[in-house]
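A short worksheet on the structure shown next.
Note that the structure is a prediction, hence the values are computed from the model and not measured. Chain naming here is simple, since letters A, B, ... match the order of the sequence lines and numbering starts at 1 in each.
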2 protein chains.
Amino acid sequence: MRSIDPSADRSTPARIRDAAITCFAADGVAATSIRAIAAEAGVSAGLVIHHYGSKDQLRIACDEYVASLIREVKGTAMAAGAGLDPLAAMRSFSGGPPLARYLAKTLVDGSPHVADLVDEMVNDAVGYIATGVEAGLLAPSDHPEERASILTLWMLGALVLHEHLERLIGFDITGDLSEDPEESGRAYFGPVAEILGGFFTDTTKELLGEAFPDAPVKTEPDTKDTA
Amino acid sequence: MRSIDPSADRSTPARIRDAAITCFAADGVAATSIRAIAAEAGVSAGLVIHHYGSKDQLRIACDEYVASLIREVKGTAMAAGAGLDPLAAMRSFSGGPPLARYLAKTLVDGSPHVADLVDEMVNDAVGYIATGVEAGLLAPSDHPEERASILTLWMLGALVLHEHLERLIGFDITGDLSEDPEESGRAYFGPVAEILGGFFTDTTKELLGEAFPDAPVKTEPDTKDTA
DNA sequence: ACCAATATTGAACAAGCGTTTAATATATTG
DNA sequence: CAATATATTAAACGCTTGTTCAATATTGGT
């Protein structure tokens, strides 16, 4: 299921980096100490600084490595046809560092590398959705970028709030669901498909059409140059 | 726009509590020191402890107070008809502590009081949606609780990821949009309404019906039993 | 085998943290 | 007014943090 083999890179810096990702994913960046990372990697605290300079630089290295892993796995999952769900790729990535939980913790504390990753996911979604629209599978939109942004952020928001999601409907969105694909995610993906299939009735749409008479054309931000 | 008047409660504990909410909302609970809260409130650090015992108890007091504020404001906003959006209530609450940003920071670090608040929002949404279904405005569902949970978490997820949302489509979901109701939220609520109006086409719904046979995808009034 | 470079450690450091304590100001009350 | 309780402060304590440093082990090239 994976095209890359992280176990081939077992150098000490790599072990420290993976230990940091594991700790950050479990407790968050701020609540993780360098000594905890060192203990997880089986080295001393000084060695962590020796290899990465500072906690901040280590965190940046983790961001970049996680982003590169997700980009790699994304390519293999795209062939499998999992287009709309930006988490499908990393969920199938078992055995390596916990990518989904790392993202769940770091999406909220404003790293530019994570922001770049989100922008890429949005751009990917724009492309996937455009393909789906051309194929007649998805409804067209006057504002495809905004629609793709909102859908992507909803999916990532469910990841960030995975504890609430699990408490409410008993589904762990950060887990690997490739082992039980027919059962584990049904309580989530079923209603998701239902909502996206049409939550409002035609009556409501008419009312909404009056409430939002003209569509929102707001081409102010960057990060978008899709066709 | 507000039915309560927090400025009437200007005792020292209340000032400290509001200062803590402001700091927590700005930087998060872990990154906020007691000394920073004391400075914001214009008192000494020891006084914060004297009135609240510990940082943890102060945080609990903030959780409970924010929850009570949201519950109060919710009642007034329900009359205004803003049912589906669980954030509509607190956005109209300007002048007091930053409720939306406080929630955005605390939704992710597992407070039981915040979890209770989320559960209440989901229950509210279940009621609102049921009313909308009976009125013919919303599509019925075989799993109304799951659907309401997912919709609520999507809205709260967009709140938690408000920095990404603002970067992507230029809309600050934590701000007060009652001042410019016709313009400010259009880039967000327009596409949201569009998505909820129907993102999948009928062709996709049939395909989804095969992928999730037991899932509640409403392509035809054929209601199957669930496992 | 030797030397230089690197890897690694454990101790130490300064800063910041939450909290405690003793002292002082202020208010309350009989 | 005196006595007591509360409010408030500044300083200090113990702890953890990220980081530095000197010393030691280990490696690699010639």
Side-chain angles (χ1 to χ4, degrees), chain A residues 6-66 102 105-106 108-113, chain B residues 6-66 102 105-106 108-113:
Chain A
S7 64
D9 186 7
R10 290 285 82 191
S11 69
T12 303
R15 264 178 28 240
I16 292 174
R17 190 232 300 121
D18 286 3
I21 292 174
T22 302
C23 292
F24 290 162
D27 305 321
V29 176
T32 298
S33 70
I34 292 221
R35 285 167 178 84
I37 296 171
E40 172 81 18
V43 298
S44 69
L47 193 60
V48 176
I49 298 292
H50 173 253
H51 279 298
Y52 286 95
S54 71
K55 184 185 179 182
D56 230 54
Q57 291 173 260
L58 170 59
R59 189 256 155 89
I60 291 175
C62 291
D63 279 351
E64 291 173 344
Y65 180 68
V66 167
Y102 182 89
K105 290 286 184 185
T106 54
V108 288
D109 46 29
S111 149
H113 301 87
Chain B
S7 64
D9 185 6
R10 291 284 82 191
S11 69
T12 303
R15 263 177 28 239
I16 293 174
R17 190 229 304 119
D18 286 4
I21 292 174
T22 301
C23 291
F24 290 162
D27 305 321
V29 177
T32 297
S33 70
I34 291 217
R35 285 167 178 84
I37 297 170
E40 173 81 17
V43 298
S44 68
L47 193 60
V48 176
I49 298 292
H50 173 254
H51 279 298
Y52 286 95
S54 70
K55 184 184 179 182
D56 231 55
Q57 291 173 259
L58 171 57
R59 189 253 155 90
I60 292 175
C62 291
D63 279 351
E64 291 173 344
Y65 179 68
V66 167
Y102 182 88
K105 290 286 184 185
T106 55
V108 289
D109 46 30
S111 151
H113 301 86

Most 5' of A/R35 and A/A45 on DNA chain C, judged by nearest nucleotide | A/A45
Would you mind writing out the side-chain donor-acceptor pairs for residues 26-37 of chain A within the sub-3.5 Å range, not counting sequence neighbours?
| from | atom 1 | to | atom 2 | distance (Å) |
| --- | --- | --- | --- | --- |
| A/T32 | OG1 | A/C23 | O | 3.3 |
| A/T32 | OG1 | A/G28 | O | 2.7 |
| A/S33 | OG | A/A36 | N | 3.0 |

Atom CD1 of B/I34 and atom C1' of C/dG18 are separated, to the nearest Å, by 6 Å
Measure from the side-chain N and O atoms of B/Y65 to the backbone N and O of B/I60, and report whether any donor-acceptor pair falls under 3.5 Å.
-> no
Contact class for B/S33 vs. all strands (heavy atom < 4.0 Å): base, sugar-phosphate, or nothing?
-> sugar-phosphate
Between P of D/dA10 and CD1 of B/I49, the distance in whole Å | 16 Å
What is the nucleic acid contact for A/H51, judged by heavy atoms within less than 4.0 Å: base, sugar-phosphate only, or nothing?
-> sugar-phosphate
Could you work out which one of D/dT8, C/dG18, D/dT19 sits closest to the side chain of B/S44?
-> D/dT8
Where each residue is assigned the nucleotide of DNA chain D containing its nearest heavy atom, which of A/G46 and A/A31 is assigned the position nearer the 5′ end?
-> A/A31
Separation of atom OH in A/Y52 from atom P in D/dG18, rounded to whole Å | 16 Å
Check ion pair B/K105-A/D109 (N to O, under 4.0 angstrom) = no
Short side-chain N/O contact from A/T12 to OP1 or OP2 of C/dT8, under 4.0 Å | yes
Tell me: NE2 of A/H50 to C1' of C/dA5, nearest whole Å?
-> 10 Å
If we only count heavy atoms from C-beta on, is the B/L58 to B/H51 side-chain gap below 4.5 Å?
-> no
B/L47 CG to D/dT9 P: how many Å, rounded?
-> 5 Å
Closest to side chain of A/K55, choosing from D/dT8, C/dG18, D/dT19 | D/dT19
Gap between atoms CZ and P, on A/R59 and D/dT19 respectively (whole Å) | 14 Å
